[in-house]
Number of protein chains: 2
Amino acid sequence: MALISKSSEYGLRAALYIAARPDEAHVSVREMSAQMDISFHFLTKILQRMTRAGLLASTRGAKGGLALAQPAAKITLLDIVRSVEGDDLFRECLLGLAGCGEKRPCPLHRHWAKERARIEKLFRKMTLARLARETARDGLRLAD
Amino acid sequence: MALISKSSEYGLRAALYIAARPDEAHVSVREMSAQMDISFHFLTKILQRMTRAGLLASTRGAKGGLALAQPAAKITLLDIVRSVEGDDLFRECLLGLAGCGEKRPCPLHRHWAKERARIEKLFRKMTLARLARETARDGLRLAD
DNA sequence: TTATTTTAAGACCCGGGAGTCTGAAAATGG
DNA sequence: CCATTTTCAGACTCCCGGGTCTTAAAATAA
């Protein structure tokens with residue numbers, strides 16, 4: 001099981017690709033799909049969702065493409081994942097019990113809640129700006 | 001996205017149900033599916049995998065059912081999840097990049113590896129015995 | 001032996017995520 | 001205007017996890 005869907009993976013990588021761009025020009029889906037080896041049509045669909053969510057700004061026609069609609073420091077991993085796959089980043093209860101929480105905990109609740117909170121914080125605090133900076137500084141990769 | 005599959009959830013709950021039983025008698029799938037409100041046939045299929053993996057022992061016929069094949073202190077969450085859904089508890093790389101690791105990290109690797117290790121440790125250290133003990137002591141629930 | 005209870009095994013179906021394809025619509029450049 | 005480049009939109013296919021159903025096999029009880 002993956003923590004996030006493939007769509008979210010692609011969305012994150014594309015957002016990083018755009019943010020890591022030195023210039024402010026629009027980036028075409030065609031270029032990104034080629035550079036990161038992702039299906040063009042599939043990536044298009046994902047980026048449309050991010051555009052509708054207000055994370056990206058699109059311009060069509062020649063010289064068109066996608067750009068960030070907000071400063072990279074304002075966009076978090078949580079924003080991106082949520083825009084792509086909805087509001088449930090991952091299920092709260094490991095055992096899938098409805099209403100599991102402090103009030104009515106499942107046997108694993110105490111143990112899992114701690115980890116879950118850490119991951120949620122990571123996604124909520126991590127911005128595109130910080131990731132793009134680290135990516136540039138350390139020469140990290142966005143494709144195989 | 002859920003961290004583990006529904007099959008794993010059911011497998012964990014059933015294992016806990018059996019481990020929490022005061023007596024050592026075999027428990028029927030019929031009883032567990034009714035008590036925990038899980039599809040009988042689906043639960044059967046999951047428990048068969050756990051039986052083949054050597055975690056449970058089954059006896060059929062009247063008075064038959066399932067029991068732990070090992071001491072509860074020997075069975076970990078990791079054992080159970082692995083027996084149900086294979087060896088990949090969750091993908092190592094958040095971005096889904098092949099070969100992501102210390103050598104060739106993706107932009108999120110440093111941040112995610114830390115969390116991943118904690119979760120893996122939780123699953124590896126947590127035994128059925130301990131969970132059953134806590135469940136009994138605190139009156140925790142295995143169903144909605 | 002016969003009937004009953006229970007797991008074992010596998011075929012089958014359904015819905016949704018993943019990915020493809022086609023045809024627009026919008027903007028630019030000549 | 002016309003051709004090209006690009007996003008936008010939606011129908012379509014494929015595969016797999018989740019779930020149902022049927023039949024066989026094993027054990028017990030009468």
### Message
What's B:R49 touching, base or sugar-phosphate or nothing? Going by heavy atoms closer than 4.0 Å.
### Response
nothing

### Task
Check B:L128, B:L142, B:V84, B:L77 against B:L12 for a side chain to side chain contact (heavy atoms under 4.5 Å, CB included) and give me the one that passes.
B:L77

#### Entry: A:E9 with A:R13: basic N within carboxylate O range, under 4.0 Å
no

### Task
Take the protein atom NZ of B:K45 and the nucleotide atom P of C:dA9, then report the distance between them rounded to whole Å.
13 Å

### Message
Can you measure B:F40 atom CZ to D:dC21 atom C1' for me and round it to whole angstrom units?
### Response
11 Å

### Message
If I take atom CG from residue B:D144 and atom SG from residue A:C100, how far apart are they, to the nearest 0.5 angstrom?
### Response
10.0 Å

#### Entry: Nearest-0.5 Å distance that lies between atom OH in B:Y17 and atom CD in B:E31
3.5 Å

### Message
Ignoring hydrogens, what is the shortest heavy-atom contact between B:I4 and A:L94? Give both atom names and the distance.
### Response
CD1-O, 3.5 Å

### Query
Could you give the CD-to-P distance, from A:Q48 to C:dA25, as a whole number of Å?
15 Å

### Query
D:dG19 base to B:K6 side chain: any donor-acceptor pair below 3.5 Å?
no

Where do N or O atoms of nucleotides 3-6 of chain C meet protein N or O atoms at under 3.5 Å, pair by pair?
unit_1	atom_1	unit_2	atom_2	d
C:dT5	O2	B:A62	N	3.1
C:dT6	O4'	B:G61	O	3.4
C:dT6	O2	B:G61	N	3.4

### A:F42 CZ to D:dG10 P, straight-line distance once rounded to whole Å
17 Å

### Query
Does the distance from a Lys or Arg side-chain N to an Asp or Glu carboxylate O, for B:R116 and B:E120, drop under 4.0 Å?
no

### Task
Identify the two heavy atoms, one from A:H111 and one from B:L122, that lie closest to each other, and give their separation to 0.1 Å.
CB-CD1, 3.8 Å

### Distance, rounded to the nearest Å, where A:M50 contributes CE and D:dA9 contributes P
16 Å

### Query
What nucleotide, of C:dT22, C:dA8, D:dC8, holds the atom closest to the side chain of A:T44?
D:dC8

### Query
How close or far is atom P of C:dT7 from atom CD1 of B:I18, stated in whole angstroms?
10 Å

### Task
Would you indicate, yes or no, if C:dA8 has its OP1 or OP2 atom less than 4.0 angstrom from a side-chain nitrogen or oxygen of B:S58?
yes

### Summary
Whole-Å distance, B:I46 CD1 to C:dG10 C1', equals 16 Å

### Task
Could you state the atom-to-atom distance from CG of A:L47 to C1' of D:dC8 in whole Å?
12 Å

